[in-house]
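What follows is a single structure, written as structure tokens, with notes after it.
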Amino acid sequence: MAEINIGATSWRRVEVGRVLKLESGSLATIVEIIDHKRALVDGPSTDPRLATPRGIVSLANTLLTPIVVEKLCRGARSGTVKKAWEAAGVDAKWHEGNWAKKQLQQERRQSLTDFDRFKVMRLKKQRRFEERKALAKVRAAA
């Protein structure tokens, strides 16, 4: 008979301490779950672009991240949340992740001028030419 492995789901759960990415691009952690659609959040990030004031947000307008602030009690005050945030190293974990890197790359691309986009296009063409030349050399040798 076939062997069946049953494991726990790896879904991200809405829980106290879960870090959220809001529509504005800032980060916040869930402090209290109000109901099935709303939560009280606080985002004491040291990066001003990621900081979020304490307030109520709709869970439909957020994205759950894999980062969790461990041992954060329900309804914790802002000072407690800030200490737990720094102890968990949320800012460092966020900047190491692919999500933040991709967001930074998109911001860089949006800030390019027309001439910068032209230079990027020329560099891509040059790289593609070199790759095809190397591939043709390998095919000819085979």
Side-chain angles (χ1 to χ4, degrees), residues 2-72 74-142:
E3 212 176 292
I4 298 174
N5 292 328
I6 299 174
T9 60
S10 61
W11 291 349
R12 297 175 186 157
R13 294 193 172 96
V14 176
E15 58 185 325
V16 173
R18 173 71 65 184
V19 177
L20 306 172
K21 182 177 184 292
L22 305 178
E23 282 183 325
S24 62
S26 58
L27 296 179
T29 187
I30 297 175
V31 178
E32 179 75 62
I33 299 169
I34 299 170
D35 57 28
H36 68 285
K37 290 186 176 183
R38 299 177 303 154
L40 177 66
V41 298
D42 195 1
S45 178
T46 55
D47 186 355
R49 292 183 303 131
L50 299 177
T52 305
R54 189 178 183 100
I56 298 170
V57 296
S58 173
L59 294 173
N61 300 330
T62 62
L63 297 169
L64 300 173
T65 67
I67 306 167
V68 179
V69 177
E70 296 293 332
K71 297 180 182 175
L72 185 67
R74 289 180 53 200
R77 294 182 178 186
S78 293
T80 309
V81 173
K82 186 172 184 173
K83 287 178 187 173
W85 183 280
E86 290 168 356
V90 174
D91 288 329
K93 287 179 186 176
W94 174 255
H95 289 297
E96 289 172 7
N98 290 333
W99 211 338
K101 290 176 185 174
K102 193 172 192 177
Q103 188 176 3
L104 182 66
Q105 184 182 19
Q106 286 174 347
E107 289 172 4
R108 267 197 221 132
R109 283 186 179 167
Q110 286 176 352
S111 67
L112 290 179
T113 63
D114 187 41
F115 185 61
D116 291 334
R117 285 191 294 274
F118 172 75
K119 289 192 288 188
V120 168
M121 180 199 64
R122 296 293 297 173
L123 289 170
K124 283 183 177 179
K125 282 176 78 172
Q126 186 178 2
R127 183 183 67 199
R128 197 168 48 242
F129 176 76
E130 296 296 329
E131 287 172 355
R132 287 183 180 169
K133 197 162 119 180
L135 182 63
K137 196 179 280 187
V138 168
R139 283 184 181 165

Using the test side-chain contact (heavy atoms from CB on, under 4.5 Å), find all partners of [X] that sit at least two apart in sequence or belong to another chain.
{"X": "Asn61", "value": "Glu23, Ser58"}
{"X": "Ala100", "value": "Trp94"}
{"X": "Lys133", "value": "Phe129, Glu130"}

Heavy atoms only: give me the nearest [X]-[Y] pair and the separation to one decimal.
{"X": "Leu20", "Y": "Leu64", "answer": "CD2-CD2, 3.0 Å"}
{"X": "Leu72", "Y": "Gly17", "answer": "CD2-CA, 4.0 Å"}
{"X": "Asp42", "Y": "Arg54", "answer": "OD2-NH1, 3.6 Å"}
{"X": "Leu50", "Y": "Ser45", "answer": "CB-OG, 3.6 Å"}
{"X": "Lys101", "Y": "His95", "answer": "CE-O, 4.1 Å"}
{"X": "Glu15", "Y": "Ile33", "answer": "CA-CD1, 4.2 Å"}

Review point. Would Gln103 and Lys21 satisfy side chain to side chain contact (heavy atoms under 4.5 Å, CB included), going step by step from the backbone distance to the final call?
Key: CA-CA 12 Å; Gln103 188 176 3; Lys21 182 177 184 292; 3.7 Å; yes

Should [X] and [Y] count as side-chain neighbours, where that means a heavy-atom distance under 4.5 Å?
{"X": "Val68", "Y": "Glu70", "value": "yes"}
{"X": "Thr62", "Y": "Val57", "value": "yes"}
{"X": "Gln105", "Y": "Arg109", "value": "yes"}
{"X": "Val31", "Y": "Val16", "value": "no"}

Could you state the interatomic distance from [atom1] ([X]) to [atom2] ([Y]), rounded to the nearest 0.5 Å?
{"X": "Trp99", "Y": "Leu104", "atom1": "CH2", "atom2": "CG", "result": "15.5 Å"}
{"X": "Ile30", "Y": "Arg13", "atom1": "CD1", "atom2": "CZ", "result": "13.0 Å"}
{"X": "Lys37", "Y": "Ile56", "atom1": "NZ", "atom2": "CD1", "result": "15.0 Å"}

Exercise for review: State whether the side chain of Arg18 and the backbone N or O of Thr65 hold a donor-acceptor pair below 3.5 Å, judged by distance alone.
Suggested key: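 Yes, Arg18 side chain to Thr65 backbone: donor-acceptor pair under 3.5 Å.
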
Practice item. Please check if the side chain of Thr52 supplies one atom and the backbone of Ser26 the other of a donor-acceptor pair under 3.5 Å. Key: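 No: the side chain of Thr52 does not pair with the backbone of Ser26.
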
Review point. In chain order, what residues pass the salt bridge (charged side-chain N to carboxylate O under 4.0 Å, His left out) check against Arg38, with sequence neighbours excluded?
Key: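 Checked Arg38 against salt bridge (charged side-chain N to carboxylate O under 4.0 Å, His left out); matches are Asp35.
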
Practice item. Start with the C-alpha gap between Trp85 and Leu27, add the side-chain angles, then the distance that decides, and say whether side chain to side chain contact (heavy atoms under 4.5 Å, CB included) holds. Key: CA-CA 11 Å; Trp85 183 280; Leu27 296 179; 3.9 Å; yes

Check your understanding: Could Glu131 and Arg128 be called an ion pair, given the rule that one side-chain N must be under 4.0 Å from one carboxylate O?
Key ->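 So Glu131 does not pair with Arg128 through a salt bridge.
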
Practice item. Salt-bridge test for Arg49 and Glu107: reply yes if a basic N is under 4.0 Å from a carboxylate O, no otherwise. Key: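 Salt bridge present between Arg49 and Glu107.
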
Review point. Quick one: salt bridge (Lys or Arg N to Asp or Glu O under 4.0 Å) pairs with a partner in residues 80-91, sequence neighbours left out?
Key: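 Every pair satisfying salt bridge (Lys or Arg N to Asp or Glu O under 4.0 Å) with a residue in residues 80-91: there are none.
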
Review point. Is there any salt bridge (Lys or Arg N to Asp or Glu O under 4.0 Å) pair reaching into residues 112-125, and which pairs are they, with sequence neighbours excluded?
Key: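 Only Asp114-Arg117, Asp116-Lys119 qualify under salt bridge (Lys or Arg N to Asp or Glu O under 4.0 Å).
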
Practice item. Given side chain to side chain contact (heavy atoms under 4.5 Å, CB included), test Val41 with Thr29 step by step and report yes or no. Key: CA-CA 5 Å; Val41 298; Thr29 187; over 6 Å; no

